[in-house]
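To keep things clear, I will list the structure first and then write my remarks on it.
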Amino acid sequence: MSRFMKDLLIYCLAKAKKAKLGLSKNKGMRDIMTVYYMEAKTARLSRRKVAWITSGGPVEPLIAMDIIPVYPENHGAMIGASKMGAELCEKAEEMGYSRDLCSYARSDISCATVNGGPIGGLPRPDMLVCCNNICGTVLKWYEIQARYFNVPLFILDTPFCHTEYAEEMKRYVKRQIEEYLVFLEDVCGRKLNHATMEKVGRLSVEGQQLWQAVLDTAANRPSPMTAFDAFFHLALIVTLRGTQITVDYYRNLLKTLNDKVEKGIGAVPNERYRLLWDNLPIWYRLRWLSKKFAEHDACLVADTYTTAWCGTLKYMDENKFLDSMAEAYTRIYLNIGIDEMAKTVMDMIDKYHVDGFVMHSNRSCKPYSLGQYDIRRIVQEEKGIPCLVIEADMTDERNFSESQVATRINAFMEMIKERKG
Amino acid sequence: MYFAGIDIGSITSKAAILKDGRVIGVRVIFTGYNAELAGWNVYRELLGELGLVASDVDKIVSTGYGRNSLSFVDKAVTEIICHGTGAHYLYPHVRSIIDVGGQDSKAMVLDEGGRVKDFAMNDKCAAGTGRFLEVMARALEVDLDAFGDISLKAEKAAKISSICTVFAESEVISLISKGEQRESIIAGIHESVASRISALAMRIGVREPVMMTGGVAKNRGVVKALEKKLRMTIEVSEYAQTNGAVGAAVLAMKL
């Protein structure tokens with residue numbers, strides 16, 4: 001079958017599935033994501049553009065311009081969860097990339113050349129949008145991909161907020177947001193409709209508020225969800241922030257969770273201990289970890305990772321979305337000082353009534369993992385709860401040692417049991 | 001009433017039996033290939049030595065890497081909690097424990113009641129453990145038991161910079177070929193082990209009184225190098241190597 005015919009087939013399937021989804025009341029995450037990826041893969045048939053964007057990048061202008069956003073990091077998570085990370089990382093190492101580089105970056109760079117991974121590679125981009133609020137690796141990573149695909153790259157440089165968002169930072173980021181819009185208009189050859197932009201802004205804020213409300217249900221005892229559930233439900237707030245489908249999905253989810261709270265149904269059958277998770281998930285070991293903690297009647301009630309997609313709501317103003325967005329995207333969890341991070345963690349410990357803090361020291365994610373020992377010390381001093389550090393990697397399973405991690409988790413849980421009874 | 005603890009480590013398996021809250025016997029054998037068999041053997045041999053039979057023992061707790069492979073025990077507990085319990089039982093005043101075994105090095109801080117407050121373990125790498133010393137002893141053709149005493153005779157310690165067991169071995173071989181004295185190479189090895197372990201201990205706020213346990217605690221050279229590095233006095237009990245098994249037996253008593 002020719003490439004065109006194949007695309008056409010996928011395109012028709014996506015259309016049919018979308019029409020079907022439009023009729024059903026409760027749209028499942030898998031259905032939504034399937035249609036999303038099918039549409040992205042056949043974008044050229046619908047004459048839509050595809051932009052690759054970093055997970056912490058401002059996606060709303062893309063949605064407003066009817067550009068399909070695609071996330072190499074979300075793809076990295078899928079690669080990890082499908083246990084294909086090590087193979088793709090090795091491939092990148094064969095290409096000459098260091099094993100010390102981020103495993104998302106390695107697997108994305110090598111995947112692009114072989115169209116491998118769980119969905120046969122990401123759709124070819126028409127442009128790349130890179131925001132360095134999450135890390136510095138994305139700069140080189142996106143430059144490499146911009147050269148490989150020979151497409152334009154926009155870099156949004158968000159200065160690090162040690163303590164505050166100063167006036168000059170505000171001007172600097174705001175100016176870049178203006179440039180960002182011009183960039184999108186240039187690539188698409190048409191103007192941004194400001195009324196649409198406002199609507200998308202409102203939907204984005206609404207989606208984030210609903211996501212926060214979903215996560216907040218975990219403050220109940222027993223918690224109706226675990227962080228492992230949050231890792232799953234997270235996909236939409238990352239990829240389709242600013243769309244109605246995301247708002248509808250989380251509204252439904254919130255209703256389901258509130259029902260569980262009312263009936264007293266917990267995600268972990270005999271929830272006794274409540275834990276907080278730090279850093280990215282270990283994608284290829286989610287089931288194992290979730291079983292391991294549940295064995296000890298422990299529920300991971302919250303995490304610092306999934307809250308990042310609603311953590312800066314306080315800076316957002318839906319009536320002045322573009323202006324406030326500049327600040328909100330600059331002040332995300334990974335772009336603030338250690339004291340601020342520790343404060344966020346401690347607020348979560350209080351809010352979710354946490355008995356222990358589990359930190360994943362992630363070989364891949366340096367900005368997330370650097371400073372963890374300081375945060376751990378601050379948390380121990382201020383809150384007096386046990387903390388555990390697990391060494392692993394989010395996608396590259398070669399950095400995970402089961403019996404070592406099991407011993408640490410068991411010892412940690414024995415410690416908590418001794419304290420709490 | 002008799003209570004037993006069995007600690008299956010990566011290199012050796014240990015058993016301890018308590019009677020009326022007192023240690024009446026301990027035994028150490030090599031683990032070998034079959035962890036369950038090693039656990040059974042060390043326990044059976046100790047029973048025989050003490051003139052006991054299996055039915056005399058009320059409860060058994062297992063610990064160590066092979067803790068889940070023993071079907072005849074009442075409970076499996078991690079070595080962190082067992083070492084904490086064992087140390088507190090032997091020396092109630094101890095507040096920190098540094099345990100260095102075959103493939104693990106770990107540090108624990110205890111509260112006044114002997115409960116583990118915090119712990120840290122080596123990750124991903126066995127440099128700075130018993131296995132590391134074993135590899136070095138082989139490269140130097142020295143009996144591991146003599147390692148400690150030989151290093152104490154050294155006038156200065158050779159610099160071992162490598163952080164990896166395999167690379168450190170080749171570093172040692174090149175020191176030998178340069179004619180470096182055996183004593184100072186061994187002293188250098190001990191210093192490199194001590195600097196790894198002290199970093200681990202400092203990370204969780206090690207405080208005195210400190211006790212060292214595990215097979216490596218028998219090596220006076222490592223203990224001395226560690227004391228120098230931490231600027232603290234380290235206590236070593238006669239049950240250093242079997243401390244985890246003793247702790248497990250104490251926990252069996254509480255079942």
Exercise. Checking side chain to side chain donor-acceptor pair (under 3.5 Å) for the pair A/T307/A/Y333: CA distance, chi angles, key distance, verdict?
Worked result: CA-CA 9 Å; A/T307 47; A/Y333 186 71; over 6 Å; no

Please tabulate, one pair per line, the N or O donor-acceptor pairs under 3.5 Å between chain A and chain B.
residue: A/Y373; atom: OH; partner: B/R203; partner atom: NH1; Å: 3.0
residue: A/R376; atom: NH2; partner: B/D118; partner atom: OD1; Å: 2.8
residue: A/R376; atom: NH2; partner: B/D118; partner atom: OD2; Å: 2.7
residue: A/Q380; atom: NE2; partner: B/D118; partner atom: OD2; Å: 2.9
residue: A/E391; atom: O; partner: B/K124; partner atom: NZ; Å: 3.1
residue: A/R408; atom: NH2; partner: B/N122; partner atom: O; Å: 2.5
residue: A/E414; atom: OE1; partner: B/T78; partner atom: N; Å: 3.3
residue: A/E414; atom: OE1; partner: B/T78; partner atom: OG1; Å: 2.5
residue: A/E414; atom: OE2; partner: B/T78; partner atom: N; Å: 3.0

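A 4.5 Å side-chain heavy-atom check between A/F412 and A/L275 finds at least one atom pair inside the cut-off. In this structure, A/T163 and A/E340 have side chains that are not in contact, with every pair of non-hydrogen atoms separated by 4.5 Å or more.
Of the charged side-chain nitrogens involved, at least one lies within less than 4.0 Å of a carboxylate oxygen, so that A/D347 and A/K343 count as a salt-bridged pair.
Residues A/F357 and A/W277 approach most closely at CE1-C, 4.4 Å, considering heavy atoms.
Contact of A/L388 with chain B is made through the side chain alone, with heavy-atom distances under 4.5 Å.
Using modelled atom types, one finds no donor on one side chain facing an acceptor on the other under 3.5 Å when comparing A/Y352 with A/S223.
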